[in-house]
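A short worksheet on the structure shown next.
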Number of protein chains: 2
Amino acid sequence: MKTSVFIVDDHYMVVEGIRSLLQTEQEIEWAGHAMNAASCLAFLKQQLPDVILMDINLPDKSGIDLCKEVKEQYPSVFILGLSTFNQQSFVNKMMDNGASGYVLKNATQNELMEAIQAVAKGKTFLSDEVVSSLNESKAAQPVLTRREKEVLELISEGLTNSEIAEKLFVSVNTVDTHRKNLLAKLEAKNTADLVRLAIRHHFISAHK
Amino acid sequence: MKTSVFIVDDHYMVVEGIRSLLQTEQEIEWAGHAMNAASCLAFLKQQLPDVILMDINLPDKSGIDLCKEVKEQYPSVFILGLSTFNQQSFVNKMMDNGASGYVLKNATQNELMEAIQAVAKGKTFLSDEVVSSLNESKAAQPVLTRREKEVLELISEGLTNSEIAEKLFVSVNTVDTHRKNLLAKLEAKNTADLVRLAIRHHFISAHK
DNA sequence: ATAAAAATCACTAAAAAAGGGGATAAGAAT
DNA sequence: ATTCTTATCCCCTTTTTTAGTGATTTTTAT
């Protein structure tokens, strides 16, 4: 029995690439593709594929959110995350939201087929590259509390301790303590270093 | 006369996508592909295509550097930059290094063909999306001097003014002035804000 | 229920950054 | 020849951060 595969990706070239890769496979049936989250959801109302290859960068909604929605509405569909970048946090979020696997766009035909067949059977599949960087990053990833992240965010926006204290309705001393803990946890030399490392660890984003 | 096209991209799916898009075109001849800069250069020693589609993210060397090298050695080849992201600075650098155009990976078959045919004739081609974001961003992009970028880099690494002064063999006052100018140019409230904005504007990178 | 983690607040002193001012010399550009 | 830019330097004041230590309350987890 053939496995039907649907693709959600806004990159035309990637869709074409996957289509041509899968064309030669006997066990795969091409269900179609969507360039955004909305048309993906519309398609699923008509027809349910076995596996969805889902890009995490979509124009209207993140693949992470879409993954959650699709899994809630159609728990029987298996979702395989697809991305150019090997970002720890994205992999985790996709898996948390019900994805069965994660494949990088530089995957070979073999790796892609392996992944599709694994998730179609309900198994989990992660690209080798993803697995190895997952292990690497596990050692060095500091754990921040909710409050610390909040303070970090405000620091990166250029607020001073007293401004942050006012905003969070706590004393300057408290903010100062959080700041010290942040410096220690991220092993930062000072604020500049802290912000750079925070962006590197994806605690905050440089872009809005 | 056919236009021969060579592709440098480490994403197998993208290579396949482009190959299948170009397969249907009569005027295009597929010269081959490389997954990294080294094998691209090796290929060019054997054979010169008319147009090279070049990804800016390559494993061994940035497409920006590769572009420069290829153009220096083989000025007759036309290079079309290729990327997922519409990053102003990358577009500029590619064009500075001799690229004839820049296309996003979500381009349609028509747009890609238009681009290839334009650059093959020696014309310049930029994706519509690239052009429009180019105009938008033109207003807000501050201009930093060589020295300012240098100081900015060191600030983001967590060095203090006196440490930077020592490293650059200038007085603390000088570094302080550069710092003030940086704050003013990037319209940053303080160091934290400065680092975030610097990363946003791609003056520095959060990742190494 | 109780131990652990998180969040809160306090005080002091030294170091660094921010904000204000102004100045000179070298090189590039017109 | 002269203006503009870049890079350099100086002084002063205030604000903010950093470092060191210590402690209490609230939440969370076992």
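In what follows, every chain begins at residue 1, and chains take the letters A, B, ... in the order their sequences are listed.
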Of B/Val172 and A/Arg146, the one whose closest nucleotide on DNA chain D sits nearer the 5' end is B/Val172
For B/Leu183 and for B/Thr177, find the nucleotide of DNA chain C with the closest heavy atom, then tell me which residue's nucleotide is more 5'.
B/Leu183
Rounded to whole angstrom units, what separation is found between the CZ atom of A/Arg179 and the C1' atom of C/dA16?
12 Å
Pair B/Thr191, B/Arg179: side-chain N/O donor-acceptor within cut-off below 3.5 Å:
yes
Whole-Å distance, B/Asn181 CG to D/dA7 C1', equals 10 Å
Report yes if at least one side-chain N or O of A/His178 is closer than 4.0 Å to OP1 or OP2 of C/dT8; otherwise report no.
yes
Can you check whether B/Thr160's main-chain N or O pairs, donor with acceptor, with B/Glu163's side chain at less than 3.5 Å?
yes
D/dC9 phosphate, OP1 or OP2: any side-chain N/O from B/Asn173 under 4.0 angstrom?
no
Whole angstroms only, please: what is the CG-C1' distance between B/Leu168 and D/dT6?
15 Å
Kindly say if B/Asn161 contacts the phosphate of C/dA16, meaning a side-chain N or O under 4.0 Å from OP1 or OP2.
no
How many Å lie between NZ on A/Lys149 and C1' on C/dA6, as a whole number?
13 Å
Return the CD1 to CG distance between A/Ile56 and A/Asp9, rounded to the nearest 0.5 Å.
10.5 Å
B/Asp176 has a side chain; which of C/dA18, C/dA16, D/dT17 sits nearest to it?
C/dA18
Whole-Å distance separating the CD1 atom of A/Ile155 from the P atom of C/dA17
15 Å
Rounded distance in Å - CD (A/Glu187) to C1' (D/dT18):
17 Å
Could you check A/Leu152, A/Leu197, A/Thr145, A/Thr177 and say which one makes a side-chain contact (heavy atoms from CB on, under 4.5 Å) with A/Leu182?
A/Leu152
To the nearest 10°, give me the bend of the helix from C/dA1-D/dT30 to C/dT30-D/dA1, comparing the axes of its five terminal pairs at either end.
70°
Rounded to whole angstroms, how far apart are CZ on B/Phe169 and C1' on D/dA7?
17 Å
Can a salt bridge be assigned to the pair A/Lys2 and A/Asp50 using a cut-off of 4.0 Å between side-chain N and carboxylate O?
no
Under 4.0 Å from OP1 or OP2 of D/dT5: is there any side-chain N or O of B/Thr145 that close?
no
Heavy atoms from C-beta onward define the side chain here; which of C/dC11, D/dC10, C/dA7 lies closest to that of A/Arg147?
C/dA7
Checking C/dA7, C/dC11, C/dG19 against the side chain of A/Lys180 (C-beta onward), the nearest is C/dC11
Can you identify which nucleotide, out of D/dC9, D/dG20, C/dA7, has its nearest atom closest to the B/Val170 side chain?
D/dC9
Tell me: CG of B/Leu186 to C1' of C/dA18, nearest whole Å?
15 Å
Which nucleotide, D/dC9, C/dC9, D/dT17, lies nearest any side-chain atom of B/Thr174?
D/dC9
Residues B/Glu29 and B/Thr3: side-chain donor-acceptor under 3.5 angstrom:
no
Establish, with yes or no, whether the OP1 or OP2 oxygen of C/dA15 is under 4.0 angstrom from a side-chain nitrogen or oxygen of B/Thr160.
no
Got a donor-acceptor contact below 3.5 angstrom from the B/Lys189 side chain to the B/Asp193 backbone?
no
Base, sugar-phosphate, or nothing: which does B/Thr191 touch, judged by heavy atoms less than 4.0 Å apart?
sugar-phosphate
For a quick test of reading the model, state the closest non-hydrogen atom pair linking A/Ala99 to A/Cys67 and the distance between them.
N-SG, 3.7 Å
